[in-house]
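Down below is the structure, laid out as structure tokens.
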There are 2 protein chains.
Amino acid sequence: MAVSRERLYRVGEVAALTGVSIRTLHHYDEIELLPPSGRSEAGYRLYNDADLLRLQQILTLRFLGFSLDQVCDLLSRPDFDVEASLRIQRRVLRDRIDELERIETVLGELLERRQMTGEWAWELVASASASIQAEMKLRGEQMSEYYTRDELQQRLAEIGKATPAEVIQQTEEDWTALVREVRANRDLDPTDPRAQALADRWNELTQDMAHWFGDDPKLANSIQRNYAEGVYAEIADAPTMEDFAFIQKVNAARKSE
Amino acid sequence: MAVSRERLYRVGEVAALTGVSIRTLHHYDEIELLPPSGRSEAGYRLYNDADLLRLQQILTLRFLGFSLDQVCDLLSRPDFDVEASLRIQRRVLRDRIDELERIETVLGELLERRQMTGEWAWELVASASASIQAEMKLRGEQMSEYYTRDELQQRLAEIGKATPAEVIQQTEEDWTALVREVRANRDLDPTDPRAQALADRWNELTQDMAHWFGDDPKLANSIQRNYAEGVYAEIADAPTMEDFAFIQKVNAARKSE
DNA sequence: ATAAACCCTCACGTTACGTGAGGGTCAAGG
DNA sequence: CCTTGACCCTCACGTAACGTGAGGGTTTAT
């Protein structure tokens, strides 16, 4: 087993290779995001290939909109896997490309309307702004969900194992029953006591499940998002967004009393 | 002439319509980038449709990577034209989409190599980083080139004035002569000494001109771009992309010796 | 052995807002 | 008529991710 003399790079070399500034490397060292794996006697930072790979991950994740804090979290997660991460990154990139194409066509429409009519289509102006804003915000918010989805499966599986089977089955039955009732009564006035009773049961069940999830708001958030994206659309008795909306209205009506 | 009661929006409405935060509107007002066209008696900011259009431009330009300062400059240029700007924005978006696709394939290659060989292709890791860095920096640097075309004319005019007329004429004659010769000999082998002689003269002339441009790399870059887009296509004796390509090949052949 | 080219550690500056604090305005309701 | 809730205002300080020197060692090529 030869001491395979790995290639070592100084800040300047890393900078030249990757295009990041030296100051950035200093910064990433300061915040312990990318401490060089070694130092020379004189105190020079020395990076190896693994460091470069980590840097690549950092840059990509930052490019996708994560804050350095979030990147820190992601990379330090025990189950972090570079290959899985790369796959996710590609998926996100494709999604982003789609978004850009959407924006491009929105701008195209705006321009066309202007040239056809000589007037500005103000609603298109607003929606163009909204599209762009959405795309700018998307970075780091919706993004983290991409990284949570896979994890989500796993977490749910864990929770599943840690919970007695009868409890799970019971809960599922409760849910399906409740969802059916809600769906049959979605036209009730939010102030109707029957609606409030339904909301009560709903909140209770949610509480129970929340208890399983622990105090992890991310998990809840992910589930929400997955709903919004229709991940569970095929499951007939899973609550839909309309169901959620109804319950929210009822809860809101109660609060405002 | 009825006082056509234009629609007016307060900060909250603009925010709801476009997705920007109220604070951002305040900020854009503070720096005089987007002062509302009116105020209510109580001091409420009141925006009209034209303001919304300006906001759309601001958001798009920012999205493309301009700083607020740059956006300020652009929008206040006397020759600024929203429609032209929209066209440019679409082109930039398409370019950016191409870049994202490139990055996506780079990541794909990296991943594939890893999965085929079980090893990381370090050079790909570095180049992936470089791609991403390039794309992140591109914002606002190369970007301004798209918008510089008009400015370019002006700068060239300035330089023209600051340089004695005979020198300019001499240079122009040198260029036309050289370009004709190059065009007649573009099928020469890059290693041919005659080709190299041409390349030498070319490089020398380029040096001379570079000297006029001072140390402003942006200017040089702009010229490159304008060439690529065929701005000077009508000028018969202006070098074409093929001419450039030929010289580059010759230079490359020389270096690799 | 002496520049030239790198590298180090402070430490303050910058951009584009976020986030309250403290306080007017205005339509609906009691 | 007055209050309450939803908006709006103006400061003014906070923040993220570096940029940009200042002041001072290190390495290497001549």
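No hydrogens, no waters, no symmetry mates; every other heavy atom, side chains included, goes into these values. In what follows, every chain begins at residue 1, and chains take the letters A, B, ... in the order their sequences are listed. Not measured: the values here are computed from a predicted model.
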Between D:dA16 (C1') and A:Asp69 (CG): distance, integer Å: 9 Å
Just so I know, are the side chains of B:Asp29 and B:Leu34 near enough to count as touching, which here means a heavy-atom distance under 4.5 Å? no
A:Glu32 atom CD: more than 12 heavy-atom contacts under 6.0 Å: no
I'd like to know if the side chain of A:Thr24 reaches the main chain of A:Val20, judged simply by a donor and an acceptor atom lying under 3.5 Å from each other, with no hydrogens or angles considered. no
Along DNA chain C, first and last positions that approach a heavy atom of chain A under 4.0 Å: C:dC6 to C:dA11
With side-chain hydrogen bond (donor to acceptor under 3.5 Å, both in side chains) as the test, would you mind laying out the steps for B:Tyr9 and B:Asp51 before giving the verdict? CA-CA 10 Å; B:Tyr9 310 85; B:Asp51 294 333; over 6 Å; no
Could you check how far CG of A:Leu59 sits from C1' of D:dC18, rounded to whole Å? 13 Å
Whole-Å distance separating the NE2 atom of A:His27 from the P atom of D:dT15: 14 Å
Compute whether any side-chain donor of one residue and acceptor of the other, for A:Gln56 and A:Thr60, lie under 3.5 angstrom apart. yes
Integer-rounded Å distance: D:dA16 P and A:Leu33 CG: 14 Å
Base, sugar-phosphate, or nothing for A:Ser21, non-hydrogen atoms under 4.0 angstrom? sugar-phosphate
Which whole-number value in Å describes the distance from B:Leu25 CG to D:dC8 P? 10 Å
Within the structure shown, what part of the strands sits under 4.0 Å from B:Ile22 by heavy-atom distance: base, sugar-phosphate, or nothing? sugar-phosphate
Taking only side-chain N and O atoms of A:Arg10, does any of them lie within less than 4.0 angstrom of OP1 or OP2 on D:dT26? no
Is there a side-chain contact between A:Gln89 and A:Gln57 in this structure, where contact means two heavy atoms from C-beta onward sitting under 4.5 Å apart? yes
Where each residue is assigned the nucleotide of DNA chain C containing its nearest heavy atom, which of A:Arg23 and A:Tyr44 is assigned the position nearer the 5′ end? A:Tyr44
Atom-pair distance (CG on A:Leu46; C1' on D:dT27), nearest Å: 13 Å
Can you tell me if A:Tyr28 touches the phosphate of D:dA17, counting only side-chain N or O atoms and a distance under 4.0 Å to OP1 or OP2? no
For the residue pair B:Glu109 / B:Thr105, report whether a side-chain donor-acceptor contact shorter than 3.5 Å exists. no
Closer to the 5' end of DNA chain D via nearest nucleotide, is it B:Ala42 or A:Leu68? B:Ala42
Check the distance between D:dT26's P and A:Glu41's CD and give it to me in whole angstrom. 11 Å
Would you mind reading off the distance between B:Lys137 atom NZ and D:dA17 atom P, rounded to a whole angstrom? 17 Å
